[in-house]
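Worksheet: the structure to be examined is printed underneath.
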Amino acid sequence: MRPALPELAATYEGIRPGYERTVRLGHGSPLWTFASTEVLRWGVKTRSGFSVESAVVDRVAPGDRYWLVAHLGPFRVREPVEILEVVDEPELKGFTYGTLRGHPVRGTETFLVERRPDGSVQLTIRSRTQAAPGAWRVAYPVALLAQRFYRKRYFRALSR
């Protein structure tokens with residue numbers, strides 16, 4: 001079961017459909033409890049090497065704005081984002097954020113943790129991006145490489 005996000009299409013019009021992948025994290029209630037709690041607390045990012053800056057980091061909520069900070073050796077890249085949608089259903093938890101001006105790319109990223117009827121737990125990541133306007137445009141090829149690097153970490157972040 002994957003929720004449709006039609007209202008996001010208008011917000012980020014012109015961005016082509018991009019990356020989507022679902023990976024089985026494991027099986028069982030302890031994993032579900034861990035992964036479903038962590039995804040709504042930015043665990044998929046913080047357990048992957050990012051830090052999250054905001055007045056409130058306990059749980060994502062629509063409209064909240066954050067600074068995601070990518071730690072790349074001695075460098076820090078601050079990425080402003082806004083939570084667009086939160087999914088908090090009994091067997092499906094997650095959220096979508098959209099990038100704000102000053103982010104290295106323009107687009108959305110979705111993280112969904114689902115418990116299947118057989119008890120397996122899976123993580124789906126969806127990403128729609130394009131080059132950000134301004135100075136970040138020239139760094140877009142590097143940003144694409146960074147996305148590939150971090151996606152691998154995201155899938156490991158919620159596994160136990």
Side-chain angles (χ1 to χ4, degrees), residues 1-25 35-72 76-89 91-115 121-158:
M1 173 177 170
R2 294 194 176 138
L5 304 173
E7 68 280 4
L8 300 183
T11 306
Y12 292 91
E13 212 167 295
I15 298 177
R16 61 178 166 69
Y19 176 88
E20 180 169 340
R21 183 169 178 210
T22 299
V23 170
R24 184 179 190 272
L25 300 176
S36 64
T37 299
E38 283 296 305
V39 74
L40 293 176
R41 294 177 34 202
W42 286 107
V44 70
K45 286 285 199 175
T46 60
R47 298 172 64 85
S48 299
F50 281 80
S51 57
V52 179
E53 297 175 359
S54 175
V56 178
V57 183
D58 286 342
R59 185 178 161 95
V60 296
D64 284 355
R65 291 184 172 199
Y66 300 86
W67 285 97
L68 304 179
V69 183
H71 302 268
L72 307 167
R76 304 289 179 264
V77 178
R78 297 181 81 227
E79 304 173 347
V81 301
E82 180 176 350
I83 302 298
L84 300 174
E85 182 173 13
V86 175
V87 178
D88 191 359
E89 298 175 8
E91 307 301 323
L92 185 67
K93 311 278 185 186
F95 67 96
T96 297
Y97 70 76
T99 62
L100 299 171
R101 181 177 291 281
H103 195 288
V105 299
R106 179 174 175 259
T108 63
E109 193 159 43
T110 300
F111 300 95
L112 293 171
V113 175
E114 182 178 10
R115 179 167 43 185
V121 179
Q122 60 188 32
L123 172 63
T124 298
I125 298 174
R126 293 183 204 155
S127 179
R128 298 176 60 208
T129 60
Q130 69 181 32
W136 281 114
R137 181 173 293 285
V138 297
Y140 186 61
V142 175
L144 291 176
L145 289 174
Q147 283 180 338
R148 290 173 61 186
F149 170 78
Y150 279 107
R151 284 179 188 141
K152 290 177 186 175
R153 288 182 166 209
Y154 298 156
F155 286 115
R156 288 192 306 258
L158 298 183

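No side-chain heavy atom of Asp64 sits under 4.5 Å from any side-chain heavy atom of Ser54. Using a 4.5 Å cut-off on side-chain heavy atoms (C-beta onward), Leu68 and Val52 make contact. Under the 4.5 Å side-chain criterion, counting only non-hydrogen atoms from C-beta, Val23 is not in contact with Leu123. The shortest side-chain heavy-atom distance between Tyr66 and Ile83 falls under the 4.5 Å cut-off. Between Thr124 and Glu114 the shortest side-chain heavy-atom distance does not fall below 4.5 Å. With contacts defined as side-chain heavy-atom distances shorter than 4.5 Å, the pair Glu79/Pro104 qualifies.
Annotation for Ser48 and Ala157: closest pair OG-CB, 3.5 Å, computed over non-hydrogen atoms. Closest approach of Ser127 and Thr129 over heavy atoms only: OG-CG2, 3.6 Å. In plain terms, the two heavy atoms of Ala35 and Val121 that are nearest each other are CB-CG1, 4.4 Å. For Ile125 against Arg151, the heavy-atom pair with the smallest separation is CD1-O, 4.5 Å. Residues Gly63 and Glu82 share a closest heavy-atom pair of CA-OE2, 3.6 Å. For the pair His103 and Ala132, the tightest heavy-atom approach, listed with the atom from each and the gap, is O-CB, 3.4 Å.
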For the pair Tyr154 and Arg21, evaluate side chain to side chain contact (heavy atoms under 4.5 Å, CB included) and give the outcome as yes or no after the intermediate values.
CA-CA 11 Å; Tyr154 298 156; Arg21 183 169 178 210; over 6 Å; no
Apply side chain to side chain contact (heavy atoms under 4.5 Å, CB included) to the pair Leu112 and Arg126, showing each step before the final yes or no.
CA-CA 9 Å; Leu112 293 171; Arg126 293 183 204 155; 3.8 Å; yes
Could you walk me through whether Val44 and Glu109 satisfy the side chain to side chain contact (heavy atoms under 4.5 Å, CB included) test, starting with their C-alpha distance in whole Å, then the side-chain angles of each, then the deciding distance to 0.1 Å, before giving a yes or no?
CA-CA 12 Å; Val44 70; Glu109 193 159 43; over 6 Å; no
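The CZ atom of Arg59 sits 4.5 Å away from the CG atom of Leu40 when rounded to the nearest 0.5 Å. Atom-to-atom distance recorded for Trp67:CH2 and Arg76:CZ is 15.5 Å, nearest 0.5 angstrom. Rounding to the nearest 0.5 Å places CZ of Arg47 at 12.0 Å from CZ of Arg156. Going from atom CZ of Phe155 over to atom CD of Gln122 covers 10.0 Å, rounded to the nearest 0.5 Å.
For Thr99 (side chain) and Val105 (main-chain N/O), a donor-acceptor pair under 3.5 Å exists by modelled atom type.
Classified by interplanar angle (parallel below 30°, tilted 30° to 60°, perpendicular above 60°), the ring pair Phe111/Tyr97 is tilted.
Annotation: Arg101, atom CZ; neighbour count of heavy atoms from other residues, nucleotides and ligands within 6.0 Å does not exceed 12.
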